[in-house]
Peer 1: 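The following block contains the structure, expressed as C-alpha cells.
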Amino acid sequence: MLSKYLNTIAFALLDNISKILSVLVVNAVIARILDVAGFGQYSYYVFLSSFFISISKFGLENVILLESARQPKDKFLGIVNSAFLLRILVSIVLTFVAILSYQHLSIPLKYLFIVVLPLFFGTFDFSELYFLARQKNKIITISKFILSIFFLLLRVSLLFIELDNVFEIVILLYVFDFLCTMVLHGIMLSKEKIHVGLRYVNKNILFVLFKRGSLLLGAGMSIFIIMRINTFFIEKYCSFYDLGIYSPAIKVCELSNAFIILIINVLTPVIVKDQLEVEHKTGIYSFLFWCSLICIFPLFIFSKFFLLILFGDKYVDGEIILRITLLSIPFVALGMLQGRFFVNQMKDRLNLIRMLISAVFTLLMSYILIREYGIEGAAYAYLFSQVFTNFFVDLFFKETIRDFLIKTSAIAGLKNTVELIKMIFKTYYKNGNKDIIDRV
C-alpha cells in the first residue's frame, strides 16, 4: 500500500513539473519572443481567460476531489456528469457575458476567442481529480508532460523565426493547448469506462452541486480577486509595459502555488480523517509554512539573476517586485490548507464570508496603492492582502480564532511537524490502513 501511495505521489510530482513548464518556462519563452509591452498585453488576455475559467469551474474542484476518494465508481458517475453539464451551462452564459462586455474588458473582439474557447475546451478538467483520487494518474500525467514539452518546443521555435503576426500565433498556441488537453481527457475517460452523456446526469445531484457550488464559487472568485486583481488595476492605471515587468513575479508565485497544492493533495489522506488531533493539524500547517519559506529563500536572494537567466535583461527591473511577492507564499500555503479543511468539514458558508471580507480588503489596497505607487504598490498590495486573507482574517470570527492560534503555533515552531511525520508513518507503514489510503 505504501509503495502504491508513493507511486501516486511521484506521478503527481511529474504533473507539477508539467505545470512548471506551462506556468514559468513557457511564459519565459513568450517573454523573450515578445517585447515587454507585448508580454504585458498577452498576460492581461490570459488573466481574462483565467478569470472566466475560474467562474466556469463553479468552485467544485475540491468537492470533486474529495467525492472521488469517498464514492464508489458507479455513484461517482452521476456526480462527474452533473459537474460536466453544470460547467457547460455556466460556460454558455459566460460566453454571452464576454461578447457583450468585451469593450469594458479592454480586449479587441478579434482576440475574444482566447477567453471563450478555453471555457469549453476545459470541460473535462474535473476528470484529472478522479484519476488522482483513485491513484490512476500515471498515464494522464505522462501524456500531459509530453504535451507540455511539445508546446514548449513550438514556442521555442518562434525565437528563431521572424514573423509579423507572432503575437497572434502565441495566442493560438495558448488555445490549442486547451484543445489537446480536452482530447486527452476524453481518451482517458473512455479507457476508464467513465461514460459521459445527459442520461448519466442526476437532477438531484445537479441541484446539490449548483447549491454548494454557488457558495464555493463566491469563495473561489474572492480568492481569484485576492490573487490576480492587480493585473486588472495595472492595465487600467499603468501600462502594458508595467504589466510586462510585473507579470514574471506573479508567474513565479503561481508556480509556487502548484507545489503547495501538490503537498496538500499528498496530505489529503490525513486531512480527510474525521478526528485530527490539534498537534497533528498544527504539524501540517507548520510543515507547509516552513517548506514554503525554505523554497523561496534562494529565489529571494538571487531574484535578479533568476529574472536575467529566465526572462532576459529587459525584465530585471522587476527584481524588487519579485522579492516582495515571494514573501507572501508561506502565508498562501496556510490559506490553501485551511480552505481544504473547510471543504472537508462542509464550512462553505464560513469560508465564503471570510473570502468576501478579504476580497474587499484586497480591492481597496490594490486600488489605493497601484494608483499612487504603480507596480511596486501592486507588489505591496499583493503581500498585505495575502497576509490578511490567510492569517489575520481568522480573528474576525469566533469559529476561526482557534485556527489563528494553531497557525501562530505552527509558524513559531517545528515540533508539531515531527509529530505529524510520526503519525503518517504509523498510518501508512505500520498499520497499512487501506481505507485511509484508498481515500487518497
Side-chain angles (χ1 to χ4, degrees), residues 22-24 26-56 94-95 97-119 122 155 158 165-178 221 223-255 257 307 311-312 314-315 317-318 321-322 325 359 362-363 365-367 369-371 373-379 381-382 385:
S22 299
V23 174
L24 189 62
V26 167
N27 278 280
V29 172
I30 292 172
R32 290 178 177 272
I33 294 172
L34 307 173
D35 57 20
V36 177
F39 182 59
Q41 185 179 5
Y42 170 81
S43 299
Y44 178 69
Y45 293 164
V46 171
F47 157 76
L48 292 178
S49 175
S50 301
F51 177 73
F52 280 86
I53 289 172
S54 296
I55 299 176
S56 72
L94 291 175
T95 298
V97 172
I99 293 173
L100 294 174
S101 60
Y102 76 94
Q103 290 182 326
H104 299 287
L105 296 173
S106 301
I107 180 172
L109 188 60
K110 67 177 182 178
Y111 293 138
L112 198 61
F113 69 91
I114 194 177
V115 175
V116 173
L117 293 181
L119 291 174
R155 291 177 172 101
L158 295 177
N165 55 345
V166 66
F167 185 81
E168 287 75 12
I169 294 175
V170 168
I171 290 179
L172 284 172
L173 286 175
Y174 172 83
V175 176
F176 190 55
D177 196 347
F178 278 91
M221 292 315 303
I223 292 172
F224 189 91
I225 289 173
I226 294 163
M227 300 293 289
R228 303 286 294 276
I229 196 61
N230 284 354
T231 300
F232 177 79
F233 282 120
I234 292 173
E235 190 276 332
K236 293 298 179 186
Y237 298 113
C238 301
S239 65
F240 279 134
Y241 178 86
D242 292 322
L243 187 54
I245 294 296
Y246 177 83
S247 294
I250 296 302
K251 302 304 178 186
V252 173
C253 289
E254 290 174 352
L255 164 65
N257 294 341
L307 290 172
F311 290 90
K314 295 179 291 185
Y315 297 88
D317 290 342
I321 308 299
L322 178 57
T325 53
T362 300
L363 287 170
M365 291 295 296
S366 297
Y367 177 77
L369 293 180
I370 292 174
R371 289 194 67 177
Y373 304 105
I375 56 175
E376 190 169 330
Y382 183 85
S385 66

Peer 1: Find the distance between OH (Y382) and CG (N230) and round it off to the nearest 0.5 Å.
Peer 2: 8.5 Å
Peer 1: Should F113 and L172 count as side-chain neighbours, where that means a heavy-atom distance under 4.5 Å?
Peer 2: yes
Peer 1: Go through the steps to decide whether Y42 and N27 satisfy the test side-chain contact (heavy atoms from CB on, under 4.5 Å), and finish with yes or no.
Peer 2: CA-CA 10 Å; Y42 170 81; N27 278 280; 3.9 Å; yes
Peer 1: In Å, rounded to the nearest 0.5 Å, how long is the span from CD of Q41 to CD1 of I171?
Peer 2: 7.0 Å
Peer 1: Quick one: does L243's side chain get under 4.5 Å of F47's, heavy atoms only?
Peer 2: no
Peer 1: How far apart are the C-alpha atoms of F167 and Y111, what are their side-chain angles, what is the distance that settles it, and do they pass the ring pair (Phe, Tyr, Trp, His ring centres under 6.0 Å) test?
Peer 2: CA-CA 11 Å; F167 185 81; Y111 293 138; 5.5 Å; yes
Peer 1: A quick test of your reading: do over 12 heavy atoms of other residues, nucleotides or ligands sit less than 6.0 Å from OH of Y373?
Peer 2: no
Peer 1: Scan for salt bridge (Lys or Arg N to Asp or Glu O under 4.0 Å) pairs involving residues 224-233, sequence neighbours excluded, and state none if there are none.
Peer 2: R228-E254
Peer 1: With sequence neighbours excluded, tell me which residues meet salt bridge (charged side-chain N to carboxylate O under 4.0 Å, His left out) with R155.
Peer 2: none
Peer 1: Might you confirm whether atom CZ of F51 has over 12 heavy atoms from other residues, nucleotides or ligands at distances under 6.0 Å?
Peer 2: no
Peer 1: Considering all heavy atoms of both residues, which atom of V115 and which atom of A98 are nearest to each other, and what is their separation?
Peer 2: CG1-CB, 4.3 Å
Peer 1: Give, for atom CG of L105 and atom CG of L48, the distance between the pair rounded to the nearest 0.5 Å.
Peer 2: 5.5 Å
Peer 1: Measure the acute angle between the ring planes of Y367 and Y237, then classify it against the limits of 30° and 60° as parallel, tilted or perpendicular.
Peer 2: perpendicular
Peer 1: Does any pair with a residue in residues 229-251 pass salt bridge (Lys or Arg N to Asp or Glu O under 4.0 Å), and if so which ones, sequence neighbours excluded?
Peer 2: none
Peer 1: Quick check: closest heavy atoms across P118 and I53, and the distance to 0.1 Å?
Peer 2: CB-CD1, 3.8 Å
Peer 1: So, taking the atom named OG1 in T362 and the one named CD1 in I229, what distance separates them when rounded to the nearest 0.5 Å?
Peer 2: 9.0 Å
Peer 1: Taking the side chain as everything from C-beta on, heavy atoms only, tell me whether I370 gets closer than 4.5 Å to C238.
Peer 2: yes
Peer 1: Look up atom OG in S247 and atom CZ in F311, then write down how far apart they are to the nearest 0.5 Å.
Peer 2: 9.0 Å
Peer 1: Looking only at heavy atoms, what is the nearest atom pair of Y315 and P248, with distance?
Peer 2: CD2-CG, 4.0 Å
Peer 1: Quick one: closest heavy-atom pair of A249 and I321, and the distance?
Peer 2: CB-CG2, 3.8 Å
Peer 1: Do the non-hydrogen side-chain atoms of L112 and L109 ever get within less than 4.5 Å of each other?
Peer 2: yes
Peer 1: Are any non-hydrogen side-chain atoms of F233 and L363 less than 4.5 angstrom apart?
Peer 2: yes
Peer 1: Do side-chain atoms of S49 reach the backbone of I114 as a donor and acceptor pair under 3.5 angstrom?
Peer 2: yes
Peer 1: List the steps and the verdict of side-chain contact (heavy atoms from CB on, under 4.5 Å) for V26 and D177.
Peer 2: CA-CA 12 Å; V26 167; D177 196 347; over 6 Å; no
Peer 1: Indicate, with yes or no, if the rings of Y45 and Y174 have centres closer together than 6.0 Å.
Peer 2: no
Peer 1: Is there a side-chain contact between Y246 and S43, using heavy atoms and a 4.5 Å cut-off?
Peer 2: no
Peer 1: In Å, rounded to the nearest 0.5 Å, how long is the span from CZ of F178 to CG of L173?
Peer 2: 13.0 Å
Peer 1: Report the C-alpha separation of L119 and T95 in whole Å, then their side-chain angles, then the decisive distance to 0.1 Å, and conclude whether the side-chain contact (heavy atoms from CB on, under 4.5 Å) test is met.
Peer 2: CA-CA 8 Å; L119 291 174; T95 298; 4.1 Å; yes
